[in-house]
Amino acid sequence: MNTETAQTKKTQLGSSIFGRVLVGIDGSPESVEAARQAATLAQGPVTLLGAYDLVAGLVGGVGPATPAMVDEAALRATAEERLELARDALGGTAILKRGEGRPWDLLLHEIDRAGATLVAVGSHGHSRPVGILIGSTATELIHKAPCSVLVARTALGAFPSKIVVGLDGSDESLAAYDVAEALALRFEARLIPIVACLEDDIEPGAIQRRIARQVRSVFDHPVEALVSASAESDLVVLGSRGLRGLKALGSVSERVAHQAASSVLIVRGRR
């Protein structure tokens with residue numbers, strides 16, 4: 001494959017991931033930041049989805065004979081107001097949707113219904129164990145979403161301007177590299193490929209030859225290496241091995257997404 005053909009394939013891969021973007025909106029600054037970053041990366045329509053949960057909205061019910069009450073109209077109106085504010089922050093171009101239920105359930109349903117290629121949510125700073133216990137939206141999507149996932153954190157400057165990508169030689173990590181390289185070219189961002197070579201079967205030299213670019217070799221566990229590197233970047237890009245549910249607990253991508261200082265993009269798919 002010649003250089004021009006290879007570059008075209010990488011660009012097409014990046015475009016396919018950002019072609020149909022879905023963002024979860026809960027009214028927090030973090031979710032608005034997720035919308036801003038997702039819209040920056042998008043190369044197609046952006047849909048903002050707001051959820052209102054009737055169970056979470058229950059009030060009253062202090063005794064067995066006292067009925068709990070919920071004002072569904074008020075919850076719906078609040079969700080709509082949050083969506084409008086988020087759309088205004090993007091310049092009024094996004095598609096708005098709302099629904100009743102747990103946010104991650106609605107997002108997963110919309111991903112399947114609309115064929116979303118990227119879902120984005122803001123990080124609220126939950127640690128990984130806490131995220132698992134309370135069922136945070138980010139945790140649920142990392143484990144269950146069939147598409148790529150962006151977990152957004154506030155970027156201090158232009159986004160993205162410095163991109164870290166984790167490599168281990170797998171087809172999934174090479175697909176993540178292709179996306180990261182396409183983003184770096186598109187936004188004129190600095191690209192830092194990192195290989196954590198604590199394991200004997202990781203060969204930085206072989207990986208470097210496959211991508212035809214200098215890599216940074218770090219003698220550390222991949223999670224620690226990438227979390228450390230996230231402090232000097234505004235986006236970490238990782239491949240996903242396709243694990244779902246309980247099998248995904250403890251995966252590198254899941255742990256980095258919860259611990260990183262920067263936004264994290266988990267790319268689903270193989271090179």
Side-chain angles (χ1 to χ4, degrees), residues 17-61 68-126 130-155 159 235 254 257-258 263-266 268:
I17 286 177
F18 306 116
R20 194 178 297 273
V21 176
L22 176 65
V23 187
I25 299 296
D26 61 9
S28 67
E30 291 86 356
S31 70
V32 175
E33 177 67 11
R36 185 185 73 83
Q37 293 184 14
T40 299
L41 302 179
Q43 293 184 288
V46 177
T47 299
L48 307 181
L49 189 151
Y52 60 96
D53 191 342
L54 297 182
V55 175
L58 288 173
V59 295
M69 297 175 292
V70 61
D71 188 343
E72 182 175 359
L75 293 175
R76 188 188 305 114
T78 298
E80 291 174 350
E81 180 181 0
R82 290 170 174 173
L83 285 169
E84 292 284 357
L85 290 172
R87 182 167 63 180
D88 290 346
L90 301 184
T93 58
I95 301 164
L96 303 187
K97 291 201 169 187
R98 58 162 172 74
E100 188 278 318
R102 295 184 301 183
W104 54 86
D105 287 336
L106 291 173
L107 287 165
L108 290 169
H109 175 77
E110 183 64 16
I111 290 169
D112 289 338
R113 189 202 68 77
T117 56
L118 175 70
V119 61
V121 290
S123 170
H124 291 272
H126 293 307
V130 171
I132 293 167
L133 287 172
I134 68 174
S136 77
T137 300
T139 299
E140 294 289 332
L141 292 174
I142 291 167
H143 292 172
K144 298 176 182 178
C147 63
S148 297
V149 179
L150 174 67
V151 179
R153 293 177 174 85
T154 301
F159 173 88
L235 181 64
E254 189 255 349
H258 278 293
S263 297
V264 175
L265 173 63
I266 300 172
R268 306 276 197 217

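Owing to the predicted nature of the structure, the values given are computational and were not obtained by experimental measurement.
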Give me the atom names and distance for the closest heavy-atom approach of [X] to [Y].
X      : Y     : result
Ala152 : Ala34 : CB-CA, 3.5 Å
Gly101 : Ala51 : O-CB, 3.8 Å
Pro45  : Ile95 : CB-CD1, 4.2 Å

Heavy-atom side-chain contact between [X] and [Y] under 4.5 Å:
X      : Y      : value
Arg268 : Val149 : yes
Leu150 : Val121 : no
Ile142 : Val151 : yes
Phe159 : Leu235 : yes
Asp112 : Pro146 : yes
Leu118 : Cys147 : no
Ile266 : Val264 : yes
Val119 : Val23  : no

[atom1]-[atom2] distance between [X] and [Y], expressed to the nearest 0.5 angstrom:
X      : Y      : atom1 : atom2 : answer
Leu106 : Tyr52  : CG    : OH    : 9.0 Å
Leu85  : Ile25  : CG    : CD1   : 10.0 Å
Thr40  : Gln37  : OG1   : CD    : 7.5 Å
Leu108 : Thr137 : CG    : OG1   : 9.5 Å
Leu265 : Leu41  : CG    : CG    : 7.0 Å
Leu107 : His109 : CG    : NE2   : 11.0 Å

So, are Glu80 and Arg76 salt-bridged, with charged N and O less than 4.0 Å apart? no
Sidechain N-carboxylate O distance under 4.0 Å for Arg153, Glu33: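 Answer for the salt bridge query: no.
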Okay, side chain of Thr117, backbone of Ile17: is any donor-acceptor separation there less than 3.5 Å? yes
Salt bridge (charged side-chain N to carboxylate O under 4.0 Å, His left out) partner of Glu110, the single match among Lys97, Arg20, Arg98: Lys97
Pick from Thr47, Val46, Leu48: which one makes a side chain to side chain contact (heavy atoms under 4.5 Å, CB included) with Val21? Val46
Going through the checks in order, is the side-chain contact (heavy atoms from CB on, under 4.5 Å) test met by Ser136 and His258? CA-CA 11 Å; Ser136 77; His258 278 293; 4.3 Å; yes
Could you go through Arg87 and Thr93, starting from their C-alpha distance and side-chain angles, then the distance that decides it, and tell me whether this counts as side-chain contact (heavy atoms from CB on, under 4.5 Å)? CA-CA 7 Å; Arg87 182 167 63 180; Thr93 58; over 6 Å; no
